[in-house]
Amino acid sequence: MLDFLGNLKRTHYAGALRVAHEGQSVVLMGWVARRRDLGNLIFIDLRDREGIAQIVFNKDQSAAAHAKAETLRSEYVVAIEGRVVRRQKANPEIATGEVEVVASALHILNTSATPPFVIEEEINATEETRLRYRYLDLRRAKPQANLALRHKVILEIRNAMSELGFYEVETPMLTRATPEGARDYLVPSRVHPGQFYALPQSPQIFKQILMISGLDRYFQIARCFRDEDLRADRQPDFTQLDLEMSFVRPEDVFEVIEQVMQRAMRVIGVNVAAPFRRMLYKDAIRRYGSDKPDLRFGMELADVTQFFDAGRETLKFEGSVFALTATGGATLSRKQLDELAEKAKGFGARAMYTIKVAPEGIASALAKTLGDEAVKKIAEAAGAKSGDLVVAVAAQKQIKGTEAAALVAGQMRLHLAEKLNVIPAGRPFATAQGKSFASAQGKWEFVWLTGFPLFEWSDTENRWAPAQHPFTGIVEEDLEKLETAPWEVRSKGYDLVLNGVELGSGSVRIHRADVQARIFRALGLSDEQARQRFGFFLDALSFGTPPHGGIALGLDRVVMLLAREKSLREVIAFPKTTAAQDLMADAPNTVPQEQLDDLGIAIKGPK
RNA sequence: GGGGCCGUAGUUCAGUUGGUUAGAACGCGUGCCUGUCACGCACGAGGUCGCGGGUUCGAGUCCCGUCGGCCCCGCCA
């Protein structure tokens with residue numbers, strides 16, 4: 001029934017056929033995407049990685065092939081021998097639409113079960129079904145284009161790093177648990193019962209040790225593992241561009257990343273200017289209410305706390321108030337405003353006030369308590385023009401040392417911007433099939449954030465915790481404040497943000513063992529505790545560690561943004577669900593008792 | 001850990017105030033069809049209404065629990 005491949009050799013990709021191939025004899029191999037059976041004439045849409053080509057079986061011209069074609073079903077795997085001819089009527093919808101292949105022979109290489117969903121671009125299966133049959137979902141052009149884009153971007157980055165003098169070095173996947181940061185994935189040791197390796201949250205310590213080793217410039221396309229709850233932009237295993245360099249200032253790291261990102265962006269035909277914008281953390285909070293500001297649009301925040309002084313008795317609150325202008329928002333209905341207020345409460349606001357700025361004047365319920373003059377000044381401070389709506393949110397004084405009202409206003413800014421559709425959409429990128437999946441012109445706003453505090457207060461642990469990791473360098477002048485005013489200590493850390501998405505963070509590190517010891521003390525770690533957890537690293541630091549620094553970029557996120565996707569899952573071949581499961585492989589799963597016995601592990605019970 | 005939305009045919013969904021025989025489209029099967037391209041036409045098969053319990057004369061529909069998917073907060077760079 002089925003045919004063997006034998007000596008048949010593919011000559012072309014189906015999706016690559018063009019008018020230039022007219023008259024050529026070709027051998028194509030791929031999947032049956034669609035069959036249109038008109039009786040004595042049968043059309044097949046043959047799909048391979050590069051696209052789709054129409055195959056014709058004509059009973060008059062090739063009776064044997066035609067008879068065989070009658071048995072074809074969706075997703076059968078076939079080889080076609082035939083000749084490329086120009087179509088009587090072209091199909092402008094597909095890249096190969098000007099030609100078709102008149103089949104002289106058909107080889108059925110494999111059959112297929114009826115697929116659970118039709119494999120076509122306008123997919124209407126739920127994500128759950130798509131993930132369960134991921135191999136079928138990946139046959140579609142869009143996922144293939146995303147994986148191709150991912151390959152090209154990472155290849156470009158790898159080449160760029162090499163050309164910039166970086167060596168790619170692999171670090172262990174089986175390593176030891178780190179006490180700070182996210183929860184570790186643990187791997188039991190059979191040789192050492194009761195002991196565990198941990199999968200790396202990042203190669204942080206190893207890359208610093210490589211600097212101590214004199215590698216000077218290291219990079220790695222590194223898999224990292226964090227056992228925390230998932231989001232659309234967070235997977236438990238993910239990929240970073242991890243790099244570290246010796247004898248550098250933050251600016252030197254910026255320069256490398258700017259070059260690398262410029263090249264990555266060129267993969268989708270976008271040129272971005274360097275150097276990227278710089279912004280202080282406190283300015284990002286004050287102006288955008290976020291530590292990852294989306295600079296593709298304005299709507300900056302204004303601190304209008306002072307104008308509320310007169311109304312504190314009546315309004316009954318002590319915190320600060322931040323306002324922003326929703327351009328053209330004056331037309332929002334009563335109901336929409338109520339929904340906005342509800343949203344603000346959800347973000348943690350004590351209260352939300354609005355001011356409508358219309359040609360006939362300024363209208364706000366606030367006028368009663370604060371007076372017309374104050375309301376006018378708030379509107380001015382927020383930069384509102386006629387037709388706009390000013391939204392002001394009040395919140396408790398501070399969260400972790402930053403203005404809570406600013407953070408709430410920052411969330412409202414993003415929410416409103418999306419609602420009012422003021423965020424420029426993305427540029428197109430071409431797929432293998434020559435289709436583009438996004439249309440509108442877009443903006444690409446990179447920004448470096450600097451000036452982070454070294455510590456932030458941890459409510460859960462009731463102590464100062466490192467805002468980044470505990471090896472983050474410290475601004476020299478602030479050394480003396482370590483013991484006296486830790487909240488004022490500034491770090492040498494930095495974040496790279498693109499369009500409101502945090503791509504990664506890094507720092508110039510601590511390279512002196514004595515400073516590192518003081519940091520651990522400030523974090524409430526005794527010398528013994530520090531020795532126990534980081535002993536080998538502290539030892540290494542004492543052997544002539546060069547000043548060094550680096551960064552790690554989330555490559556999944558980079559590709560997600562370039563592909564104009566809203567979820568990391570769309571740019572990862574085999575992603576996990578929000579419950580951290582692989583629906584296709586059905587992982588995690590139980591293991592046979594013997595395997596547990598080997599490891600000396602007893603299961604306490606299904607919690 | 002918390003909040004929201006969802007779960008009915010292979011798939012995507014509809015399903016009235018709780019009412020007897022659970023529908024549609026696509027897909028699938030059979031037949032016809034020589035220029036289709038989401039081919040068309042005719043006929044047909046296909047259901048543990050996620051699972052468990054409860055209320056009721058009667059549950060897809062109401063209640064409780066549970067499992068699974070997505071989004072958000074917490075958590076996490």
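In the text below, chain A, chain B and the rest are named by the order of the sequence lines, each starting its count at 1. No experiment lies behind these values; they were computed from the predicted model shown.
- Going from atom CG of A/N40 over to atom C1' of B/U36 covers 14 Å, rounded to whole Å.
- Using a 4.0 Å heavy-atom criterion, one finds that A/A552 contacts no nucleic acid atom at all.
- Only the P atoms considered, B/G69 is 36 Å distant from B/U30, to the nearest whole Å.
- At the heavy-atom level, A/T114 lies under 4.0 Å from the strands shown only through sugar-phosphate atoms.
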Evaluate the criterion salt bridge (charged side-chain N to carboxylate O under 4.0 Å, His left out) for residue pair A/D45 and A/R34; output intermediate values, then yes/no.
CA-CA 5 Å; A/D45 285 344; A/R34 248 197 185 89; 5.5 Å; no
Trace of the side chain to side chain donor-acceptor pair (under 3.5 Å) decision for A/N91 with A/Q54:
CA-CA 10 Å; A/N91 180 354; A/Q54 175 165 284; over 6 Å; no
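- Residue A/K89 places no side-chain N or O under 4.0 Å from the OP1 or OP2 atom of B/C37.
- Closest to the side chain of A/R231, out of B/C73, B/C39, B/G69, is B/C73.
- Going from atom CG of A/D556 over to atom C1' of B/A77 covers 13 Å, rounded to whole Å.
- Rounded to whole angstrom, the span from the CG atom of A/L568 across to the P atom of B/C70 amounts to 13 Å.
- The aromatic rings of A/F276 and A/F446 sit parallel to each other, their planes meeting at less than 30°, with 60° as the upper class boundary.
- Separating the P atom of B/C26 from that of B/A38 is a span of 14 Å, rounded to the nearest Å.
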Chi angles and distances behind the side chain to side chain contact (heavy atoms under 4.5 Å, CB included) call for A/L210, A/E244
CA-CA 8 Å; A/L210 287 171; A/E244 198 76 6; over 6 Å; no
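- Note on A/Q54: every side-chain N or O is 4.0 Å or more away from OP1 and OP2 of B/U36.
- For the P atoms, the distance linking B/U21 with B/G60 amounts to 11 Å, nearest Å.
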Anything under 3.5 Å between a protein N or O and an N or O of nucleotides 41-45 of chain B, put it in a table, one pair a line.
none

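- Distance check on atom C1': B/A59 versus B/C64 gives 15 Å, rounded to whole Å.
- A straight line from CD of A/E570 to P of B/C71 spans 10 Å, rounded to a whole angstrom.
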Every protein N/O lying under 3.5 Å from an N/O of nucleotides 65-67 of chain B:
none

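- Considering only heavy atoms from C-beta on, A/D37 stays 4.5 Å or farther from A/F57 through its side chain.
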For each nucleotide in nucleotides 7-14 of chain B, reading 5' to 3', give B when a protein heavy atom comes within less than 4.0 Å of its base, S when such contact involves only the sugar-phosphate, and - otherwise.
---SSS--
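- Nearest nucleotide to the side chain of A/D229, out of B/C28, B/C76, B/G74: B/G74.
- Remark: A/Y133 OH is loosely packed, at most 12 non-hydrogen atoms of other residues, nucleotides or ligands lying under 6.0 Å away.
- In this pair, A/F254 and A/W448 present their aromatic rings parallel. The plane angle is below 30°, not in the 30 to 60° band.
- Using modelled atom types and a 3.5 Å distance limit, the side chains of A/Q468 and A/S505 yield a donor-acceptor pair.
- Applying the salt bridge (charged side-chain N to carboxylate O under 4.0 Å, His left out) test to A/D294 and every residue at least two apart in sequence or in another chain returns A/R296.
- Applying the salt bridge (Lys or Arg N to Asp or Glu O under 4.0 Å) test to every pair with at least one member in residues 67-77 of chain A, sequence neighbours left out, gives these pairs: A/D3-A/K68, A/R47-A/E75, A/E75-A/R139.
- In this structure, A/R150 contributes its side chain and A/V571 its backbone to a donor-acceptor pair below 3.5 Å.
- Taking atom P on both B/G74 and B/A14, the two are 32 Å apart, rounded to the nearest angstrom.
- Ring planes of A/Y185 and A/F225: perpendicular class, angle over 60° (limits at 30 and 60°).
- Residue A/Q581 places at least one side-chain N or O closer than 4.0 Å to OP1 or OP2 of B/G69.
- Taking atom C1' on both nucleotides, B/A9 is separated from B/G23 by 10 Å, rounded to a whole Å.
- For A/R569 and B/C71, the shortest distance from a side-chain N or O to OP1 or OP2 is below 4.0 Å.
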Check step by step if side chain to side chain contact (heavy atoms under 4.5 Å, CB included) holds for A/L280 and A/T450.
CA-CA 5 Å; A/L280 289 173; A/T450 62; 3.6 Å; yes
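- Taking the P atom of each, B/G1 and B/A45 are spaced 48 Å apart, rounded to whole Å.
- Taking the side chain of A/T577 as heavy atoms from C-beta on, and the options B/G69, B/G35, B/A77, the nearest nucleotide is B/G69.
- Checked by atom type and distance alone, the side chain of A/N40 never pairs as donor or acceptor with a backbone atom of A/K59 at under 3.5 Å.
- Using a 4.0 Å heavy-atom cutoff across all strands shown, A/E100 reaches at least one base atom of the nucleic acid.
- A/D227 comes within 4.0 angstrom of no nucleic acid atom, judged by non-hydrogen atoms across all strands.
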Start with the C-alpha gap between A/I80 and A/L106, add the side-chain angles, then the distance that decides, and say whether side chain to side chain contact (heavy atoms under 4.5 Å, CB included) holds.
CA-CA 5 Å; A/I80 308 285; A/L106 166 65; 3.6 Å; yes
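- Checking the phosphate oxygens (OP1, OP2) of B/U30, a side-chain nitrogen or oxygen of A/R73 falls inside 4.0 Å.
- Between B/G19 and B/C5, the two P atoms lie 24 Å apart (nearest whole Å).
- Non-hydrogen atoms lying under 4.0 Å from RNA chain B are contributed by A/R34, A/R36, A/D37, all within residues 30-37 of chain A.
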Report the C-alpha distance between A/F322 and A/V408 in whole Å, list the side-chain angles of each, state the deciding distance to 0.1 Å, and finish with yes or no for side chain to side chain contact (heavy atoms under 4.5 Å, CB included).
CA-CA 8 Å; A/F322 277 72; A/V408 175; over 6 Å; no
